[in-house]
Structures are given as structure tokens and as C-alpha cells.
S.K.: 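Dropping the structure in here first, questions after.
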There are 2 protein chains.
Amino acid sequence: MAPPERRRRSTQRDIAQRTGVSQATVSLVISGGAASTQIAESTRRAVLAAADEMGYTANVAARSLKGGRNRLLGLYTFESVFPTDQRDFYYPFLLGVEEEAARQGYDLLLFSSTGTDRDAARFGPREPGAADTPAGVSGTQAAERSIYVGGSNRLKIADGCVLLGRNVRREELSALVREDFPFVFVGRREVDDAELSYVAADYVAATGALVAELARLGHRRILYLRALEDSEPTRDREEGYRRGLAEAGIVPDEALIRTLADPADLSIERVEEWIGGLGITALLVEPTEDDRLTEALATMAGTRRVRFPADCSLALLGDPPCWTPELRDWTRFSLPRAQMAGQAVRVLIELLDQESHEPRQLTVPCAYVPGDSIGPVPAHRVGVRPGVGTEPESDGRPVT
Amino acid sequence: MAPPERRRRSTQRDIAQRTGVSQATVSLVISGGAASTQIAESTRRAVLAAADEMGYTANVAARSLKGGRNRLLGLYTFESVFPTDQRDFYYPFLLGVEEEAARQGYDLLLFSSTGTDRDAARFGPREPGAADTPAGVSGTQAAERSIYVGGSNRLKIADGCVLLGRNVRREELSALVREDFPFVFVGRREVDDAELSYVAADYVAATGALVAELARLGHRRILYLRALEDSEPTRDREEGYRRGLAEAGIVPDEALIRTLADPADLSIERVEEWIGGLGITALLVEPTEDDRLTEALATMAGTRRVRFPADCSLALLGDPPCWTPELRDWTRFSLPRAQMAGQAVRVLIELLDQESHEPRQLTVPCAYVPGDSIGPVPAHRVGVRPGVGTEPESDGRPVT
DNA sequence: GGCACTTGCTAATACGTATTAGTTGGGAGC
DNA sequence: GCTCCCAACTAATACGTATTAGCAAGTGCC
């Protein structure tokens with residue numbers, strides 16, 4: 001049962017036969033290697049002519065096989081990139097990666113399949129008794145995304161990989177490092193037992209600058225609403241908050257650092273409470289990747305019970321996705337997502353080109369977006385302290 | 001000058017040595033071919049264990065070279081997918097492809113590199129005198145996107161490919177067919193010398209239905225504004241327009257088919273001219289992929305000099321991208337982009353699974369979006385004919 | 001004529017995998 | 001003891017290219 005005489009592409013050998021030279025000569029002519037200067041002009045012409053006539057196209061697979069590299073960059077995200085509600089968050093990264101990869105002549109491999117139910121069947125039938133994760137990496141469950149499935153690392157199909165995502169599996173990252181697989185994380189990520197390469201936004205500086213600006217405007221009691229997860233970006237923002245306060249000579253009040261479990265919880269009533277109870281004059285909010293915060297802000301601003309910034313200044317520690325023109329221009333800083341992604345690609349390619357896989361860690365500054373939601377402390381509240389917890393060092397911190 | 005001990009990926013041979021079997025056995029175990037049933041359970045276990053320990057991953061290039069499969073689907077677009085102004089057009093396709101590929105356990109290969117300036121340098125230094133396109137496929141220029149670059153077809157590292165885009169290079173498509181490379185086009189595309197597979201929206205029926213609806217509302221003079229390019233989608237819409245008219249018993253007036261070179265040319269003055277001069281009561285507009293039409297419509301509707309549908313009905317032959325909530329809900333039909341893309345992936349996988357690469361051509365229906373921009377013919381204009389070109393068969397067709 | 005050197009080419013090999021045609025060892029059947 | 005067969009494996013090869021070592025012929029020089 002031979003394949004039904006499938007139409008075969010012409011190869012260098014075919015050209016060689018037709019021209020009466022060797023395959024090696026054809027290769028030299030076509031790919032113009034170092035020794036190609038030694039080919040007689042007449043021969044070169046003949047070979048090129050034959051190639052043209054026979055419609056020769058080089059086989060990329062063969063070339064890659066020979067070179068050991070596939071000119072493929074992977075893009076792996078720990079969360080799905082494509083659900084509609086997060087598109088605006090991930091899209092700029094995607095764009096940046098794609099663009100830079102294209103510029104560098106690499107193609108992009110989107111790891112979509114990993115972490116699907118189908119994974120079990122990936123490498124053909126497997127005995128039910130066989131261990132699914134013999135690779136020392138534990139915790140591989142079906143529905144969740146993970147790099148190591150069926151015990152093997154599919155990322156390796158690519159020459160290297162750009163990683164993205166908030167809910168990282170640390171153990172997989174360190175496994176990658178142990179394997180010496182070249183990758184770059186977009187965003188600062190740390191794992192216990194290894195150093196890894198990343199390109200990160202400078203949340204510390206950006207948050208610090210925002211606090212400084214508020215302090216300059218006279219604010220002394222600035223509430224910081226942090227995200228629930230204890231990830232690096234959140235920690236960096238907190239760090240920036242503390243540094244900003246310190247540089248402004250403000251003694252931090254732990255009661256003014258609160259965790260916002262769900263952005264939808266951010267209501268006008270809460271803000272009124274905080275103003276009255278805690279005596280705050282400004283609010284820093286850490287945005288989420290989906291559009292819940294944007295919605296909460298919009299409805300909150302819609303009530304007009306508290307005017308920003310007339311009654312209270314408000315700034316965002318990053319830019320929320322789903323930005324539509326009619327949304328108000330909140331004061332915030334903005335991370336250069338596309339540039340970060342492009343930079344990550346460049347770093348990755350450097351890693352690939354150089355033999356030493358020493359980790360590289362880059363930090364890029366965020367852009368300050370002035371917006372219109374911060375202003376000076378309202379005149380009637382200058383110097384006013386809240387009724388409760390008057391002392392800055394008060395630790396009677398009510399649970400949110 | 002040996003390569004400085006580059007960290008090599010482990011191969012089947014490495015596993016074979018470690019396990020004490022032959023490379024062939026390893027291959028049989030790993031890729032689970034026909035003869036794999038004949039492998040002893042103990043051997044299989046040992047091989048798999050070694051593979052896991054050594055972090056083995058199959059080499060894509062080698063598999064492709066051999067004709068094997070990599071569970072990789074390519075996505076090639078003739079225009080760049082990622083420019084911001086077209087994002088809303090391509091995004092749903094991307095989403096659909098990604099989702100279905102993931103569901104089927106395939107990863108996605110985005111061909112970004114092809115057609116960049118860097119291409120010339122892709123495979124190392126090249127003699128200035130060397131021909132850039134020895135491949136018989138002519139017209140390969142640097143800045144433009146093209147499949148065959150440097151004489152090779154890079155798509156081949158994927159098992160098959162989904163193609164997308166309006167400005168297609170026909171000669172490349174037929175080259176692909178000649179090579180017998182499996183691919184599916186999203187959208188109907190025809191080339192002279194070959195049949196190809198596609199999943200297309202039924203523009204003919206959708207446009208016809210829209211015309212029928214207008215006819216039902218009493219419209220007799222319906223202007224059709226077609227796009228400049230003479231691509232299949234445009235031709236199909238025209239076909240649908242004519243069929244719709246025919247079925248409604250309306251004699252087509254060639255003066256009512258006009259080409260709109262630039263959507264920005266669509267102004268309220270024009271519409272007034274058409275209403276007065278041509279006596280039209282309804283307008284069918286073919287949308288573009290960017291947001292120019294959307295803008296033109298918005299500004300036009302903003303003037304309120306012509307009320308839609310009170311003075312004139314207006315419907316769109318497809319959905320324009322960049323849909324924001326505050327935009328009005330134009331009557332139109334909507335193509336199920338994500339579903340089309342998903343269907344294309346399924347068709348492609350069928351092609352891959354079956355050896356026969358007979359082309360498959362699927363058509364999917366569009367969704368009718370009632371909207372609010374069509375209505376009955378204004379009472380004072382029922383039966384009214386324009387001052388000039390009264391006869392339907394008038395051919396005094398002024399150039400737009 | 002012999003040596004060194006250049007020019008223009010080829011033979012051979014490697015890349016990593018899949019597949020086919022064997023080969024081996026041993027047990028069943030007579 | 002012989003054949004026959006089967007399970008379990010391996011050797012060999014092909015895929016298409018890039019590269020290196022080397023070969024043959026030619027040229028210049030002593």
C-alpha cells in the first residue's frame with residue numbers, strides 16, 4: 001500500500017541530476033555558504049536556472065534539522081490569553097512579542113494545547129498504570145494549565161520561550177531552569193531555588209512617584225488597596241508605596257493598607273466610610289486584569305456622591321484593560337506592555353545566541369499618566385484627622 | 001572549531017544508549033507506531049522512564065522532514081494580524097482558531113517572520129549577486145508578506161495551515177496546492193488552476209436575504225455600495241444583491257451599483273444626492289476591515305440631515321469591526337468569525353487525518369442582525385421616481 | 001620534472017526521526 | 001530433532017540539507 005504517487009517536491013538532488021553536478025554544489029549555490037565563492041559562474045548560472053525551471057523550494061525542516069534550531073519562539077501563558085474579558089490585558093503583550101519576533105525573523109508558537117483534557121492522549125495510547133508525572137514535577141492536574149504534561153515539556157519544541165501570566169507555577173519555573181531551557185518571563189518572577197530571566201515593569205518606582213505626587217499635593221493619609229494575590233507585582237507596589245511615604249516623610253499607617261478581594265467590592269459607600277472613618281484624602285487602587293475594576297469605578301463615579309478629585313483623590317497603580325473613550329481619564333501609571341514584550345523577545349534571542357544561559361533581569365520604567373482624578377487636599381480637610389485611630393502608629397486595624 | 005559544547009537536547013539515541021535498546025525501539029515506544037504493540041511492557045516502561053528523566057522532546061524539524069506529524073497547526077495571514085486598527089477584524093478569527101486548536105490538542109504556529117525585511121538574512125550571509133527567488137514563484141518582494149521566501153516554504157514545519165486575508169497572492173496558493181500541502185482558507189478563495197479548501201461565509205444568501213427584507217418593506221430602488229477590490233467576498237455580495245432583486249421581481253438598475261473607493265467618501269451630501277438624483281430609498285454598504293467606515297457612518301448619522309430609517313433605510317453587508325456600545329445598531333448581517341475559524345481548523349484536521357487531500361469547501365450562514373436602521377419606504381416617496389434616469393434600464397451611469 | 005598553490009568541484013557525513021525488512025531466541029507441535 | 005511460528009527486538013535506510021575534507025586538474029615557479 002504505497003502512498004498514491006504523491007507529488008514530490010523537487011530537491012537539490014533533482015537539480016543536481018539535471019545539471020550534472022553534485023548535490024553539494026547545488027547546496028553551495030543555493031544557500032551561498034562560505035565556500036560558494038569557489039563555484040564557477042557558469043555552474044552557478046546553470047544550477048540557478050535549473051532550480052527556477054523545476055520550481056525548487058528549500059525544505060525548511062531539513063534546514064532546521066541541520067542547524068539544530070527551528071527559528072521558533074514559544075509563547076506560553078499561565079492563563080488563557082484569549083477569553084474575551086482579558087483580551088485587552090494580554091493583547092498588547094501578544095502584539096509586542098509578535099512584532100519583535102517577526103523583526104528578528106522568528107515565528108511564534110502559541111502553546112494553546114497544553115493543559116487541555118486531550119493532553120493525556122498526546123503521545124499516543126498510554127497505559128493507564130503508567131505514571132503521568134514521573135518528571136519530579138508534581139501537581140499536574142487535567143483542567144489547569146501547566147507546562148509539564150504527561151511528564152514532558154512541550155515548550156522544547158521552540159528554541160526558547162516567552163512566559164506570561166500572573167498565576168505562575170513556581171515549581172514548573174524552577175524545573176525549566178534546571179533543564180536549562182532558555183526562557184524569559186514578562187514581569188518579575190522569583191523562585192526559591194533559581195534565578196531566572198525577566199523583563200519587568202518598575203512598579204516600585206512608579207508607585208513611589210505616584211505617592212510622591214500625592215504628597216506634593218498635600219496628601220498625608222493615602223489608602224492603598226492592594227490585590228488579593230501575593231504576587232511580585234503586588235509586593236512591588238506595596239514596596240513603592242512604603243518608599244514613597246518614607247521619602248515624603250510620612251509615617252506609614254498599617255491601617256491604610258487594605259486588601260481588595262474583589263474589585264466589585266469597591267463601592268461608593270466604602271469610600272465614604274474610609275474618608276470619614278480613616279480620614280483619608282487619597283486612594284491608590286491596584287487594577288485587575290479583567291474589567292471588573294473598570295466597571296466598579298465607572299458605577300462609583302456615576303453616583304457623584306463623592307467627587308474625584310474634589311472630595312478625594314484617586315489614582316490607579318497601573319492601567320486597567322478595557323479602556324473605552326467614554327471612560328474617565330483616571331490618574332495612573334501605565335506599563336509599556338508592547339515594549340516589555342518586545343524587549344523580552346530580544347533578551348530571549350540573546351540568550352539563544354550566546355551559549356551561557358546566565359539569567360538576565362531587566363526593569364523598564366512605567367509611564368505616568370496625569371489624568372484628572374488627583375488634586376490638592378480639599379481645603380476644609382487640611383490637617384483634619386479622623387475620629388478613630390488618630391495616631392499614625394495605631395494598629396487597631398479593622399479587617400476589610 | 002567545534003561548537004563550544006552546546007547543551008544538546010537529548011535525542012532518541014541518547015535514550016536508547018541509556019536504556020540499552022536501539023533507537024528504533026525508542027521511536028516505536030515514543031511515537032506509538034503500528035508496530036508498537038510488539039514492544040514488551042517492561043521495555044516500554046524503561047524507555048518512557050528514561051525519556052522523562054532526560055527531558056526528551058521530539059525534534060519538530062526531524063519529524064517534519066520524515067513526514068511525521070508535530071501536532072502543530074500553522075496560521076498564516078496575508079496581512080499583518082496585529083496592527084491596532086484591524087485588531088477587531090482579525091481577533092475573532094484568531095480566537096476561533098486558537099480555541100479549536102486547543103480543543104483538538106494542537107498548538108498554534110503564527111507565521112510572523114515570513115515577509116519581513118530580515119528574510120534576506122534569514123539563513124546567514126548571502127552573496128549580493130545571488131538570486132533571491134530561485135523558486136519559480138515570482139513577485140517576491142521584500143516588504144510584502146509572502147509564503148515563499150528565500151525559495152522555501154516555511155509553512156511546512158506545521159502539519160497544516162489555516163490561511164487568512166484579503167489580499168491573497170494567488171500564485172502562492174496554487175503553488176501550495178501543487179506541493180500538496182494541506183491548508184484551509186477562511187473565506188472563499190479561487191485560483192485559476194486548482195481547487196482549494198475553504199470555509200466561507202455565505203455572503204450571497206445573506207445579502208440576498210437583506211435585499212428581500214428591504215423589498216418586503218416596499219423598497220424598489222436600493223443602492224449597493226461595493227468595495228473597491230474585486231475579491232470573492234465582494235463578488236459574492238454583488239451576486240446576492242442581484243439574486244435578491246431578481247427574486248423580488250425587481251429589474252436591476254446598473255446605476256445603483258457603485259464602487260466606494262474609500263469609506264471616508266461616504267458623506268451625508270452624497271446620500272442626499274443619491275436620494276434626490278437616483279431616487280433611492282435604501283442603501284446597502286459593504287464594510288471594510290478597518291474602522292474607517294464605522295467613523296464615516298458615525299459622523300454621517302451625527303448630522304441628522306438624513307434620518308435612518310425615516311428618510312432612507314441603511315444596512316451593512318457584514319459587521320464592521322470596532323464595535324463600541326455607543327455606536328448605533330445598524331441593520332446588518334454578521335459573519336460568525338470565530339465559528340468559521342473553528343470550522344476551518346476542524347476541516348484542516350480532517351484533511352490531515354485522511355490521506356486524500358481532496359479539497360473541501362464549506363459555506364456557513366451569516367446571522368441577520370435586525371438593528372434599527374431599516375424601515376418601510378417613507379410614505380411621501382412611495383412610487384416616486386427620480387427626475388433623471390427614470391427608466392430602470394437607464395445606463396447613463398454617472399461616475400462616482 | 002617536481003613542488004606549492006589555486007580553482008572548482010565531489011564524496012561523505014551528520015542532523016533526528018519513522019519505518020521496513022530482517023534477525024534472534026525460544027516454545028509449540030509433530 | 002525438526003520445522004514453524006511468534007514475540008521482541010535491531011539494522012538499515014530514507015527524508016533534504018549544510019559542511020568539511022579531499023581530489024583532480026591546472027598554473028606558476030624553481
Side-chain angles (χ1 to χ4, degrees), chain A residues 1-3 6 8-17 19-47 51 54 56-71 123-124 156-157, chain B residues 1-3 6 8-17 19-47 51 54 56-71 122-126 134 150-154 156-157 179:
Chain A
M1 208 200 282
R6 168 163 293 183
R8 214 173 51 82
R9 303 171 57 179
S10 56
T11 70
Q12 292 187 350
R13 178 161 24 194
D14 300 333
I15 298 175
Q17 279 174 352
T19 323
V21 297
S22 72
Q23 174 267 326
T25 304
V26 175
S27 172
L28 287 176
V29 170
I30 302 256
S31 59
S36 64
T37 45
Q38 304 209 325
I39 303 289
E41 190 51 33
S42 57
T43 311
R44 145 179 269 125
R45 283 190 134 82
V47 167
M54 306 176 70
Y56 169 80
T57 64
N59 182 323
V60 191
R63 279 191 174 166
S64 302
L65 178 56
K66 188 63 190 136
R69 290 282 153 84
N70 291 322
R71 291 205 84 84
F123 294 108
K156 283 195 173 178
I157 290 184
Chain B
M1 209 202 283
R6 164 167 292 182
R8 219 170 43 84
R9 293 163 53 152
S10 55
T11 71
Q12 292 187 351
R13 180 168 14 199
D14 300 333
I15 299 174
Q17 279 174 350
T19 323
V21 297
S22 72
Q23 174 268 326
T25 305
V26 176
S27 173
L28 286 176
V29 169
I30 301 260
S31 58
S36 64
T37 45
Q38 303 208 325
I39 303 289
E41 189 51 34
S42 56
T43 311
R44 146 180 268 124
R45 281 191 136 81
V47 167
M54 307 176 68
Y56 169 80
T57 322
N59 180 319
V60 205
R63 275 209 175 143
S64 302
L65 180 55
K66 198 42 202 162
R69 292 284 145 83
N70 284 312
R71 293 203 84 83
R122 167 85 46 78
F123 296 106
R126 178 181 283 266
S152 67
N153 165 8
R154 188 149 166 76
K156 283 228 151 182
I157 45 177
E179 279 192 41

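Each chain gets a letter, A, B and so on, in the order the sequences are listed, and its residues count up from 1. What you see is a predicted model; the values in this text were computed from it and never measured.
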S.K.: Taking only N/O atoms, report every protein-nucleotides 10-13 of chain D pair under 3.5 Å with atom names and distance.
M.R.:
residue : atom : partner : partner atom : Å
D/dT10  : OP1  : B/Ser22 : N            : 3.2
D/dT10  : OP2  : B/Ser22 : N            : 2.9
D/dT10  : OP2  : B/Ser22 : OG           : 2.9
D/dT10  : OP2  : B/Thr25 : OG1          : 2.3

S.K.: May I have the distance from A/Gln12 (atom CD) to C/dC9 (atom C1'), rounded to whole angstrom?
M.R.: 15 Å
S.K.: OH of A/Tyr56 versus C1' of D/dA18: gap in Å, rounded?
M.R.: 11 Å
S.K.: Pick one: which of A/Val26, A/Ile30, A/Asp14 meets side-chain contact (heavy atoms from CB on, under 4.5 Å) with A/Tyr56?
M.R.: A/Ile30
S.K.: Five pairs per end, C1' atoms only: what is the angle between the end axes of the helix from C/dG1-D/dC30 to C/dC30-D/dG1, to 10 degrees?
M.R.: 70°
S.K.: Please check: side-chain N/O of B/Ser10 versus main-chain N/O of B/Met54, any donor-acceptor pairing under 3.5 Å?
M.R.: yes
S.K.: Heavy atoms only, 4.0 Å cut-off, all strands: where does A/Thr43 land among base, sugar-phosphate and nothing?
M.R.: sugar-phosphate
S.K.: Please enumerate all residues that pass side-chain contact (heavy atoms from CB on, under 4.5 Å) together with B/Ala46, with sequence neighbours excluded.
M.R.: B/Thr19
S.K.: For A/Thr25, enumerate each residue passing the side-chain hydrogen bond (donor to acceptor under 3.5 Å, both in side chains) test, keeping only those at least two apart in sequence or located in another chain.
M.R.: A/Ser22
S.K.: Check this one for me: any side-chain N or O of A/Thr11 less than 4.0 Å away from OP1 or OP2 of D/dG16?
M.R.: no
S.K.: Measure from CD1 on B/Ile30 to C1' on C/dG16 and round the result to the nearest Å.
M.R.: 12 Å
S.K.: Starting from P on D/dT20, measure out to CD on A/Gln38 and report it in whole angstrom.
M.R.: 13 Å
S.K.: Please report, rounded to the nearest Å, how far the C1' atom of D/dG16 is from the CD atom of A/Gln17.
M.R.: 13 Å
S.K.: Atom CD in B/Gln23, atom CD1 in B/Ile15: separation rounded to 0.5 Å?
M.R.: 10.0 Å
S.K.: Whole angstroms only, please: what is the CG-C1' distance between A/Leu65 and D/dC15?
M.R.: 9 Å
S.K.: What heavy-atom pair brings B/Ser27 and B/Ser31 nearest, and what distance separates the two atoms?
M.R.: O-OG, 2.7 Å
S.K.: Rounded to whole angstroms, how far apart are CG on B/Asp14 and P on C/dC15?
M.R.: 10 Å
S.K.: Which sits closer to the 5' end of DNA chain D, A/Arg13 or B/Ala40, going by the nucleotide each is nearest to?
M.R.: B/Ala40
S.K.: Between A/Thr43 and A/Ile39 (side chain of the first, backbone of the second, donor and acceptor by atom type, cut-off under 3.5 Å), is there such a pair?
M.R.: no
S.K.: Apply salt bridge (Lys or Arg N to Asp or Glu O under 4.0 Å) to B/Arg13 and list each qualifying residue two or more places apart in sequence or on a separate chain.
M.R.: none
S.K.: Figure out the CZ/C1' separation between B/Arg63 and C/dC15, and round it to whole Å.
M.R.: 16 Å
S.K.: OG of A/Ser42 to CZ of A/Arg44: how many Å apart, nearest 0.5 Å?
M.R.: 10.5 Å
